[in-house]
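Proteins get letters first, then strands, A, B, ... in listed order; numbering begins at 1 in each. Every value quoted in this text rests on a predicted model; they were computed, and no experiment measured them.
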Amino acid sequence: MSFEELKEACLAGCTPAQREAITHIDGPLLVLAGPGSGKTRVITRRIAHLIASGVRPGDILAITFTNKAAGEMKERIEAMGVPKGALVSTFHSFCARMLRIYGRCIGLTDAFTIYDTSDSLSAVKRAMAELEIDLEQFPMKPAGVAKLISHAKNRLLTPEKIMGDRPPEEAQTVARIYERYQKLLTQANAADFDDLLLLMVKLLQEVPETREKLPHRFRYVLVDEYQDTNRAQYLIARGMAASGNLCVTGDPDQSIYAWRGADISNILEFEKDFPTAKVVRLEQNYRSTKKILAAADRVIANNKSRKEKALWTENPDGEPLRLLRCEDEMEEANAVADEIAAWMRRGEFAPRDVAIFYRVNAQSRVIERSLRAEAIPYRIVAGTEYYQRKEVKDLLAYLRLVENPADNVSAQRVANVPPRRLGDASVTKLLDWGSAQGVSLLVAMTRAGEAGVRGGAVQGIESFLNVIRTLRAMPRTPVAPVVEKLLELTQFERHLADSGDGAEDRMSNARELVNAAAEYQQAEPEGTLQGFLEQTALISDVDGWDAKQGGVTLMTLHAAKGLEFPAVVILGLEEGLLPLQRSEDDGHELEEERRLLFVGITRAKRRVILTCADSRARYGKREYTQPSRFLEELPPDVVTDVPAGSNRRKETRETPLFRPSPFKARPSAPSAPRVVKRSENEEIVYDAEYDEDAMQAALHAPFRAGDRVSHPMYGAGKVMDVSGYGEEMRASVHFNSVGLKRLVLKFAHLKKL
DNA sequence: GTGGCATAGCTTTTT
DNA sequence: GCTATGCCAC
């Protein structure tokens, strides 16, 4: 395709407003994009159009918030058939990348480690210990201090400025901790999440070697979800766009991260920042029915501080939204599971068409139970993320040490994992000695005698150092063998084997890391251990979610941003939950809660169910609730109210062994996968329909632990464990391709090999 | 130094 | 209700 034809293709099927945004080349551009208005399409086509207009791909930088968004954008640009080479990245990985190259100017080598929130907390604790702060006397807990530090970094405030109206001695102490914390990080050759941004700002503003050069590195800069940028991100976006060709897209009504330092005025005042900016509004919605859009629009209209927007759609009216009033969260969960089962029975929606959103992760537990009872397959996005598990973090700590021996947080974490008679007392002694000598914990270990450590601990130190030395002697590419060697040297699985409940899971999590490394290598053949570690550090909850996989999706409202589903259920429309209890009032935080609901409703294409319960257990105690004030804001003519009691389940609470499936086979034979066009750029293949053979197979427990099986999507794997019975029977299968999966046999179409 | 038991604190939301 | 931490006994 010639560039002229390509330009044409970029505009095909676009509205005048979309065209305007796509064809804009030089100068600042603000795209205010309502939900479902084709924003992603505009961004990707604009990039393709730039390239077709002669811009070198390497001169383009596009920044998103999640890896998933970045990945999709990359894919879609490639699909347009333009030359590759544009850098599409998240804020954090972009900054990490720059810091690997230029970090030396501010004290980081290219092997620096990225500390996540829990690593930061460890460092704060260590800082407080070094300053000999009495935890009994000092009123703040380490976690509180860590939060303040993060807060300060996000907003570019000095330690003194963050304390607000706290007593001056306290503020001073926090400032001292902050200072010490930062020193520890520098010594450890580490940067926390916030540092990635903050240090990048330094490179742009202060460091002589980079402040002239970096701002001109890219000629065209795009930032998506601009409404969620914080001060540091704002400065990075501005700073990288010395050319003035900065294009930002977003929707102030979908700003939901103020609590994390996002500053909505970044988008609201873009025109002030860039007086020559062109502004394009995308207000036509292609996603939702008229009723859904009207409901969302009426809710958000209650926000005082906002720019008016005229959302509209040519889509059909659609059905009314429905509100399910329930007695408590159990009834809520049952009612929702019943509903979804009924939709599937009627062939209205496949499991993967449906999403259930909630305000806090804790709400997922009850709904999961009900979905299992109905044998509805589901997937949770978020919760305890794989890379947050203890056993996985331990293994990663070893790997980080291999890469960066100065990383004291990691060294401290695993010095005695598995137990090797190297307890807190010795480690603290070594740490203290090391910090007095200005050497790392690892170095201190090599001179344990001088540090005054003797006895059984000395042998432990030897064996620990031996592990690190052996691994350091290995090549850093490919990564998987390093992980394997680590498991072997530490006898990690044996260590986990007697870790009580869930030992099995922990062992497979540990083994899974080898697969993760192999997978990484497949995606990045040249990838190093460092690259793998960076990826694991910067992964986010939604990143693991894949629209093509089956199952009802469960996630928080925050995680839902940017996604769309044919049917959406939003749980818990109650005062205190949605809107969530606000410690101090109010205005701004309430408006953010409202935006959260707006985001939730506008994810839906055709159907929305809202629920509320009269009582709900919280902290293990039952509390009586008031319906959410947002319910009153919904237009009555688009919402059907289903009163309390009518959701109560009739009798059959138990799942009988041979209960007929709630799933009727679709009219078409299940053998041929059904392909459905969902939207212009997206095709979904249904393959998880009920079929009689699979059902029969499930009823007779055809698999046992140890069996080799194959799955139509994941390929070959090994059964780790089988549980449940009848329709609920499920198996944990370890696949070569994707690692450990829990599958409902009825849906999984597993074949024995 | 290790392992078991009690208790505090937790629920926003995440890169 | 669950978990992560801290304290105590061996």
Side-chain angles (χ1 to χ4, degrees), chain A residues 63-70 89-96 114-118 120-121 125 135-136 141-144 147 150 153-154 191-198 225 228-230 232-233 255-262 329 357-366 381-385 387-388 390 415-428 455-457 459-460 498-502 534-543 555-561 572 576-583 589 592-593 595-596 599-600 616-623:
Chain A
I63 305 181
T64 62
F65 272 80
T66 65
N67 298 299
K68 183 176 153 54
S89 177
T90 66
F91 266 109
H92 287 81
S93 32
F94 171 67
C95 294
I114 299 170
Y115 278 178
D116 70 14
T117 323
S118 75
S120 296
L121 184 60
K125 282 179 183 162
L135 289 172
E136 306 287 290
K141 280 167 295 173
K147 249 191 189 149
S150 168
K153 288 182 174 182
N154 275 319
D192 65 26
F193 280 147
D194 307 313
D195 284 339
L196 295 178
L197 306 176
L198 192 63
E225 308 284 13
D228 285 327
T229 49
N230 62 29
Q233 288 160 332
S255 154
I256 53 177
Y257 287 106
W259 54 273
R260 206 169 82 184
E329 73 277 10
F357 302 148
Y358 35 77
R359 183 59 238 264
V360 302
N361 278 310
Q363 284 171 269
S364 72
R365 199 162 247 127
V366 199
V381 177
T384 318
E385 189 49 50
Y387 289 105
Q388 298 295 330
K390 270 161 287 198
N416 201 29
V417 180
R420 46 173 78 90
R421 313 191 61 71
L422 179 49
D424 277 347
S426 305
V427 172
T428 307
Q459 274 193 324
D498 42 39
S499 60
D501 272 5
E534 180 160 314
Q535 187 186 296
T536 61
L538 296 180
I539 206 155
S540 75
D541 284 344
V542 257
D543 291 342
M555 61 169 84
T556 63
L557 284 160
H558 282 89
K561 196 179 60 172
L577 189 59
L578 187 58
L580 194 76
Q581 195 71 49
R582 315 166 303 292
S583 38
E589 292 179 40
E592 181 145 316
E593 296 292 310
R595 290 195 289 269
L596 213 38
V599 167
R616 186 176 295 273
R618 232 177 167 179
Y619 304 112
K621 275 235 240 38
R622 184 142 301 277
E623 280 174 13

Between dT15(B) (P) and Lys147(A) (NZ): distance, integer Å
16 Å

From the options dA4(C), dG1(B), dT15(B), select the nucleotide whose nearest atom is closest to the side chain of Lys390(A).
dA4(C)

At 4.0 Å (heavy atoms only), tell me whether Phe91(A) reaches a base, stays on the sugar-phosphate, or touches nothing.
nothing

Within the side chain of Arg616(A), is there an N or O that forms a donor-acceptor pair under 3.5 Å with the backbone of Glu623(A)?
no

Do Arg622(A) and Glu329(A) meet the salt-bridge criterion of a basic N to acidic O distance under 4.0 Å?
yes

Nearest whole angstrom, please: distance from the P of dT13(B) to the NZ of Lys561(A).
16 Å

In whole Å, measure the gap between the C1' atoms of dG6(C) and dT11(B) for me.
22 Å

Any Thr66(A) side-chain nitrogen or oxygen under 4.0 Å from OP1 or OP2 of dT15(B):
no

Spacing between Gln233(A) atom CD and dT14(B) atom P, to the nearest angstrom:
15 Å

Output one letter per nucleotide in nucleotides 2-11 of chain B: B when a protein non-hydrogen atom lies under 4.0 Å from the base, S when only the sugar-phosphate is that close, - when neither is.
S-------BB

Validation row: Asn230(A), Leu197(A) side chains within 4.5 angstrom (heavy atoms):
yes

Under 3.5 Å: donor-acceptor pair, side chain of Thr428(A), backbone of Asp424(A)
yes

When you compare the ring of Phe65(A) with the six-membered ring of dT15(B)'s base, are the centres less than 5.5 Å apart and the planes under 30° from each other?
no

Between dT13(B) (P) and His558(A) (NE2): distance, integer Å
9 Å

Validation row: Leu538(A), Phe193(A) side chains within 4.5 angstrom (heavy atoms):
yes

Between OH of Tyr387(A) and C1' of dT14(B) the distance, given in whole Å, is 17 Å

Rounded to whole Å, please give me the gap between CZ in Arg622(A) and P in dG1(C).
10 Å

Can you check whether Ser426(A) has a side-chain N or O nearer than 4.0 Å to OP1 or OP2 of dG1(B)?
yes

Gln388(A) atom CD is separated from dT3(C) atom C1', nearest whole Å, by 15 Å

Ignoring the backbone of Arg365(A), work out which of dT15(B), dT14(B), dC2(C) is nearest its side chain.
dC2(C)

Quick one: NZ on Lys125(A) to NZ on Lys141(A), what's the gap to the nearest 0.5 Å?
11.0 Å

Side-chain touch Tyr257(A)/Glu225(A), heavy atoms, less than 4.5 angstrom:
no

Using a heavy-atom cut-off of under 4.0 Å over every strand shown, decide if Ala617(A) touches base, sugar-phosphate, or nothing.
nothing

Please report the distance, rounded to the nearest Å, between CG in Leu557(A) and P in dT13(B).
11 Å

